[in-house]
Amino acid sequence: GKVDGIILLGGFPRQIVKQFSSFGLPIVLLDDRKPRIPVDAITTDGYNASRQIVDHLVSLGHRRMAFMAYEQDGYNADQRMAGFEDGVKHHGLPKSLNVSLKNFNDSPSGYIELKKLLARKRPPTAVLAVNDTLAWDLLQYLPNDGYSVPNDLSLFGFDDDSIGRNCNPPISTVRVDKHELGRIGVETLLNRIENPGLSTTTLHLPTELVHRDSVASLS
């Protein structure tokens, strides 16, 4: 009886969310969603953000791109990847030259997979990383193999974390309003506590592309 509600931030495993649900307490998921589990969820619109990134890269002349996410990433990563893949399809770009990498568990392993793509006869000219941490790691690894960002490879991140702002070059990214995410999450939880019979809801908060110096035009 010491807790009236629970907010879970990020990608908690499905079994953990189910276990918390069994306590009979109101639950709100922040920046995640678990289909078929009846809890409120507030997420950011990563799908449309990725679609916009693909549109932007295509407008700059890019026709070969890669999306990269860790294998263990959950709903948000899946939505960001789906937006990338639908953007590729919308522009009629070949899947063989516009690939999604989700077969690695850490940044060094991810870079090994990326290097395989870069060794192709027609390598990607741009990479969309699932978050700024991965983008920053790639930015550190690439010069060791003679690649320059953005001259050889354009780089886009996600979340607008400080790590992506304070590097050379600063990383283009997607701004997520984390303050608003938290505020709406608390309001949703309080409303659920006061009105337990309401149907559960999922909200998708808008995002904003932030253009910096890690992306170059090929046009």
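Numbers for residues simply follow the sequence, beginning at 1.
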Item to check | Side-chain (S214) to main-chain (S172) donor-acceptor, under 3.5 angstrom | outcome: yes
Checklist entry - Does F23 share a hydrophobic cluster with L29, counting links as ILVMFWY side-chain heavy atoms below 4.5 Å and allowing steps through other members? => result yes
Checklist outcome for this item: Here the gap from T188 atom OG1 to L198 atom CG, rounded to the nearest 0.5 Å, amounts to 11.0 Å
Next on the checklist: For F67, is there any backbone N or O sitting under 3.5 Å from a side-chain donor or acceptor partner on S100?
Outcome noted: no
Checklist entry - Going only through I, L, V, M, F, W and Y residues with side-chain contacts under 4.5 Å, is there a path from I42 to V186? => result yes
Checklist entry - Sub-3.5 Å donor-acceptor pair from the side chain of K34 to the main-chain atoms of F12, do we have one? => result yes
Checklist entry - L181 and L209: same hydrophobic cluster, using ILVMFWY side-chain contacts below 4.5 Å? => result no
Checklist entry - Would a distance-only check, ignoring hydrogens and angles, find a side-chain to backbone donor-acceptor pair under 3.5 Å from S154 to V215? => result no
Next on the checklist: Contact between S50 and V174 at the side-chain level, heavy atoms closer than 4.5 Å - yes or no?
Outcome noted: no
Item to check | More than 12 heavy atoms of other groups within 6.0 Å of R122 CZ | outcome: no
Checklist entry - What is the minimum heavy-atom distance between V127 and L138, and which atoms define it? => result CG1-CD1, 4.2 Å
Next on the checklist: Check the orientation of Y141 and Y111. Use parallel for under 30°, tilted for 30 to 60°, and perpendicular for over 60°.
Outcome noted: tilted
Next on the checklist: Using modelled atom types and a 3.5 Å cut-off, is there a donor and acceptor pairing between side-chain atoms of N76 and backbone atoms of D31?
Outcome noted: yes
Checklist entry - In Å, rounded to the nearest 0.5 Å, how long is the span from CG of L101 to CE of M81? => result 10.0 Å
Checklist entry - To the nearest 0.5 Å, how far apart are CG in L128 and CZ in F156? => result 8.0 Å
Checklist entry - To the nearest 0.5 Å, what is the distance between NE2 (H90) and CZ (R51)? => result 5.5 Å
Checklist entry - Can you name the closest pair of heavy atoms from V39 and I27 and give their distance? => result CB-O, 3.8 Å
Next on the checklist: I'd like to know if I163 and V130 are part of one continuous hydrophobic network [Ile/Leu/Val/Met/Phe/Trp/Tyr, side-chain heavy atoms within less than 4.5 Å].
Outcome noted: yes
Item to check | Test log, rule side chain to side chain contact (heavy atoms under 4.5 Å, CB included), inputs I112 and F104 | outcome: CA-CA 9 Å; I112 290 173; F104 57 92; over 6 Å; no
Item to check | Flag for H204-T43: side-chain donor and acceptor within less than 3.5 Å | outcome: yes
Checklist outcome for this item: When rounded to the nearest 0.5 Å, the distance separating CG of D137 from CG of D132 is 11.0 Å
Checklist entry - For the residue pair D32 and A41, what are the closest heavy atoms and their distance? => result O-CB, 3.5 Å
Item to check | Shortest non-hydrogen contact between F158 and A49, atoms and distance | outcome: CZ-CB, 3.6 Å
Item to check | K89 NZ to N98 CG distance, which is reported to the nearest 0.5 Å | outcome: 14.0 Å
Checklist entry - Would H56 and H211 count as a side chain to side chain contact (heavy atoms under 4.5 Å, CB included) if you check the C-alpha gap in whole Å, the side-chain angles of each, and the deciding distance to 0.1 Å? => result CA-CA 10 Å; H56 176 65; H211 301 289; 3.5 Å; yes
Item to check | D45, D86, D159 screened by salt bridge (charged side-chain N to carboxylate O under 4.0 Å, His left out) with R80, the one that passes | outcome: D159
